[in-house]
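One-based numbering along the sequence shown.
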Amino acid sequence: MRTCKCVGKGRKERSTPLTKVAQQALQRWLKEPGKRGATALFPNMHGGRLSADGVQALLNKYVAKARHHCVSLRSKRVSPHVLRRSVAMELPQAGVDCSVIALWLGHEAME
């Protein structure tokens with residue numbers, strides 16, 4: 001399985017496993033026209049890296065939209081951490097070994 005290196009909270013570098021669907025979406029995104037000379041994969045409005053607050057603001061925006069169509073989201077709190085854990089729970093179905101997932105999650109235990 002392919003991975004993507006990301007700099008996360010506290011400037012911690014993480015290697016994130018990518019499912020085939022995520023790889024395809026990323027390949028389509030990379031073909032999009034550049035955003036004003038952006039240097040980041042997912043740039044902020046100035047072309048630099050999104051801050052943690054920027055990621056949270058975008059997540060809040062799209063979760064609010066999704067809540068109009070998905071009733072079950074209305075009672076749930078969604079954060080980048082929740083998304084990370086959700087991905088970890090889906091990786092075994094994509095054929096990723098549990099030991100690899102445990103390493104990806106770091107000190108967190110699989111529930």
Side-chain angles (χ1 to χ4, degrees):
M1 172 163 286
R2 289 187 169 213
T3 61
C4 176
K5 288 189 178 180
C6 307
V7 178
K9 190 174 179 180
R11 299 186 187 260
K12 188 178 206 177
E13 188 174 289
R14 298 182 191 267
S15 184
T16 306
L18 297 173
T19 63
K20 291 208 184 288
V21 171
Q23 289 175 46
Q24 291 166 352
L26 192 53
Q27 287 172 345
R28 284 191 304 272
W29 175 253
L30 290 170
K31 291 178 184 174
E32 290 286 320
K35 308 270 197 260
R36 290 183 270 151
T39 57
L41 180 60
F42 302 110
N44 62 21
M45 60 191 283
H46 303 292
R49 287 188 202 174
L50 280 172
S51 66
D53 288 339
V55 170
Q56 187 66 56
L58 284 172
L59 183 59
N60 291 344
K61 174 183 173 181
Y62 290 106
V63 168
K65 282 186 177 185
R67 283 187 172 129
H68 293 294
H69 304 286
C70 183
V71 177
S72 66
L73 273 178
R74 293 179 186 165
S75 62
K76 295 188 169 109
R77 182 176 175 276
V78 181
S79 68
H81 179 74
V82 168
L83 293 180
R84 185 168 177 259
R85 296 290 297 188
S86 296
V87 168
M89 298 309 289
E90 290 184 14
L91 288 174
Q93 295 171 6
V96 179
D97 186 78
C98 287
S99 61
V100 172
I101 298 168
L103 288 171
W104 174 59
L105 289 174
H107 67 278
E108 299 176 24
M110 291 288 291
E111 294 177 0

Nearest heavy-atom pair of L18 and Q23: which atoms, and what distance?
O-NE2, 3.0 Å
Set of residues satisfying side-chain hydrogen bond (donor to acceptor under 3.5 Å, both in side chains) with respect to Q56, sequence neighbours excluded
N60
Mark yes or no for whether W29, through its side chain, and F42, through its backbone, hold a donor-acceptor pair below 3.5 Å.
no
So, taking the atom named CZ in R85 and the one named CE in M89, what distance separates them when rounded to the nearest 0.5 Å?
7.0 Å
Indicate, with yes or no, if L26 and V55 share a hydrophobic cluster defined by side-chain heavy-atom contacts under 4.5 Å among Ile, Leu, Val, Met, Phe, Trp and Tyr.
yes
Return the minimal non-hydrogen interatomic distance between A88 and P92, and the atom names on each side.
O-CD, 3.4 Å
List in chain and number order the residues that pass side-chain hydrogen bond (donor to acceptor under 3.5 Å, both in side chains) with S79, two or more places apart in sequence or in another chain; answer none if no residue qualifies.
none
Check for me, please, whether L58 and V82 land in the same ILVMFWY cluster - side-chain distances under 4.5 Å, paths through other members count.
no
Would you check if T19 and V87 make a side-chain contact, meaning some heavy-atom pair closer than 4.5 Å?
no
Hphob cluster co-occupancy, Y62 + V71, side-chain heavy atoms under 4.5 angstrom:
no
D53 versus S51, side-chain donor and acceptor atoms under 3.5 Å:
no
When rounded to the nearest 0.5 angstrom, what is the spacing between NZ in K61 and NZ in K65?
5.5 Å
Share the residues that join L73 in a hydrophobic cluster, the rule being Ile, Leu, Val, Met, Phe, Trp or Tyr side chains under 4.5 Å apart at the heavy-atom level.
L59, V63, V78, L83
Please report the closest heavy-atom contact between R74 and R67, naming both atoms and the distance.
NE-O, 2.8 Å
